[in-house]
Amino acid sequence: MAFEKEIGKRRTFGIISHPDAGKTTLTEKLLLFGGAIQEAGAVKSNKVKKAATSDFMEIEKQRGISVATSVMGFYYKDKKINILDTPGHQDFAEDTYRTLTACDSVIVVIDVAKGVEAQTEKLVKVCRMRDTPIIVFINKLDREGKDGFDLIDEVEQKLGLTLCPLSWPVGMGQRFQGVYNMWEKNLHLYSSDNKQRISEGTSIEDINDPLLEQSVGDEAALELRNDLELLEAVYPKFDHEAYLKGAQCPVFFGSALNNFGVQELLDCFQEIAPEPQAKEAEERVVAPNENQFSGFVFKIHANIDPNHRNRIAFLKVVSGKFERNKTYIHTRTSKTFRVSAPTAFMASKKSTIDEAFPGDIIGIPDNGSFRIGDTVSEKESLHYMGIPSFSPEHFRFINNADPLKAKQLNKGVDQLMDEGVAQLFTLKQNNRKIIGTVGALQYEVIQYRLEHEYNAKCTYENFPAFKACWIESHDDAQLQEFSTLKQRYLAEDKFGRLVFLADSQFSLQMAQDKFDKITFHLKSEF
Ligand code: G4P
């Protein structure tokens, strides 16, 4: 029973947003409320985005820092909250997609003035593919922004979500007076003079209570009443089941920078957010409360100490209890291993732990045997699904620039690909290696890391591909015909799966029209 209770306490989630919407600030404020840090300014993990693309030392430094902030655990009320950090820089979007596979729910931060931005759209799309429960936090209410109703409309339309506002702002920018919380039926007032929350929350059960006029004045009270009436008529009532299925998303308004609306968000979150969920493996669906331990690696962090090529594999516990020094199976290689120094991440500090429960993230020291997506289990040979590769946006040949260091280069490239820095494709025709990335920045990072960590040098050459499509065919003759025709554009990914590197939208369309028994997938799991 104690085991089930531990599972029931876990709330593991990620915060996603377009850069600058306020993700880092909100994370920090949640940690403050959770007592995990003592002062603001302790979380600076996302500032890679502010580094110039060629400033490698900065990137290296950031990578070091972000190990500590990759997972931030703290206790709030009786819940163990784990926040998984997601890189803000769009060139690291693939890293964020993978981290989302370890999140049981997400909070989406939206800037009230900017509304829905590109990166938010992409990330929410990934969440919707898995029906991840989502809470929306509209941030920066201390600034002038879009009208609340217009914004809710925009979020619904652009993100394809059904929203359910659980709080509503009283004014905005200069006129911002506070937020009425429909979840707790109380009003929190804000003072623009000291930019802080000034009331602990005035309970206003009945919105017609004259206390509302006394608190915000006649005009704002009338406006709020009208708004709430409209909200009630137009938006659905909060339905916990619908939220858990990803079919309805509660919305909160606030200002992370000014500590406003954050505690209300956290209070509601800890009450409604899902506990660890069952997960699909190739073999079967595994429930968290099963006795045997299992988990999967969703992130690998390298180069904590550049002199010893050590890495940390981040593993999410899916089922059973993880115990230090117990023998487990790495199911891809069928090898057994024991972890003598597993780490957990509490309050952005790393410490060795003896046990961990479903929902927890543990760090396993690794010298190169883990790959992203690997499953670890106690006895059963399980293979968790759900960490697909997405088609890269950029493609370049990688060439060895120092013939004496071919071995080092191959090893370096292999390990960097295992970490998920980029994707490797090998052309069927001549075995030339192509690196595919989401952003151009990765090529510089790879080149730098190969040189500094593996003592290998590389050059790149453009490969004119538009998208990578994983091929599925149930018709051998057609596949053969296609392979002959498109020989120059066929490659294998690092798992040996057949990939068509389409050179243009047009050529992909032609292939789809002509070869109707072949399906072209833009991600590796289908
Ligand atoms: P990100 O992680 O999503 O990229 O955003 P981050 O928290 O770094 O916030 C981006 C900028 O927005 C920061 O300002 C931050 O202070 C500001 N910000 C966050 N929340 C609020 C809010 O509620 N109101 C207002 N007015 N601003 C907010 P910066 O000047 O870019 O950085 P910094 O020098 O303050 O760190």
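Every value quoted in this text rests on a predicted model; they were computed, and no experiment measured them. Every number for a ligand or one of its atoms is a count from 1 in the order of the listing.
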Using distance alone, decide if ligand 1 has a nitrogen or oxygen within less than 3.5 Å of any nitrogen or oxygen in [X].
{"X": "Gly22", "value": "yes"}
{"X": "Leu257", "value": "yes"}
{"X": "Asn139", "value": "yes"}
{"X": "Ala256", "value": "yes"}

Measure the acute angle between the ring planes of [X] and [Y], then classify it against the limits of 30° and 60° as parallel, tilted or perpendicular.
{"X": "Phe176", "Y": "Phe260", "result": "perpendicular"}
{"X": "Trp183", "Y": "Phe238", "result": "perpendicular"}
{"X": "Tyr443", "Y": "His394", "result": "perpendicular"}

Among side-chain atoms of [X] and [Y], is any donor-acceptor pair under 3.5 angstrom?
{"X": "Asp267", "Y": "Tyr76", "value": "yes"}
{"X": "Asn181", "Y": "Ser167", "value": "no"}
{"X": "Gln415", "Y": "Tyr454", "value": "yes"}

Task: Phe74 six-ring centre to Lys80 NZ/CZ under 6.0 Å and within 45° of normal - done: no

TODO: Answer yes when Lys158 and Glu117 have at least one side-chain N-carboxylate O distance shorter than 4.0 Å, and no when they do not.
DONE: no

Open item on the list: Looking at Asp78 and Lys9, is there a salt bridge between them, counting it only when a charged N and a carboxylate O are closer than 4.0 Å?
Closed with: no

Looking only at heavy atoms, is any part of [X] under 4.0 Å from ligand 1, and if so is it the side chain, the backbone, or both, or is it neither?
{"X": "Ser17", "value": "side chain"}
{"X": "Lys140", "value": "both"}
{"X": "Asp142", "value": "side chain"}

Run the numbers for me: atoms of ligand 1, each under 4.0 Å from some heavy atom of [X], listed by number.
{"X": "Asp20", "answer": "1 (P), 3 (O), 4 (O), 5 (O), 10 (C), 12 (O)"}
{"X": "Thr24", "answer": "1 (P), 2 (O), 7 (O), 8 (O)"}
{"X": "Pro19", "answer": "4 (O)"}
{"X": "Arg143", "answer": "26 (N), 27 (N)"}
{"X": "Ser255", "answer": "22 (C), 23 (O), 24 (N)"}
{"X": "Lys23", "answer": "1 (P), 2 (O), 3 (O), 5 (O), 7 (O)"}

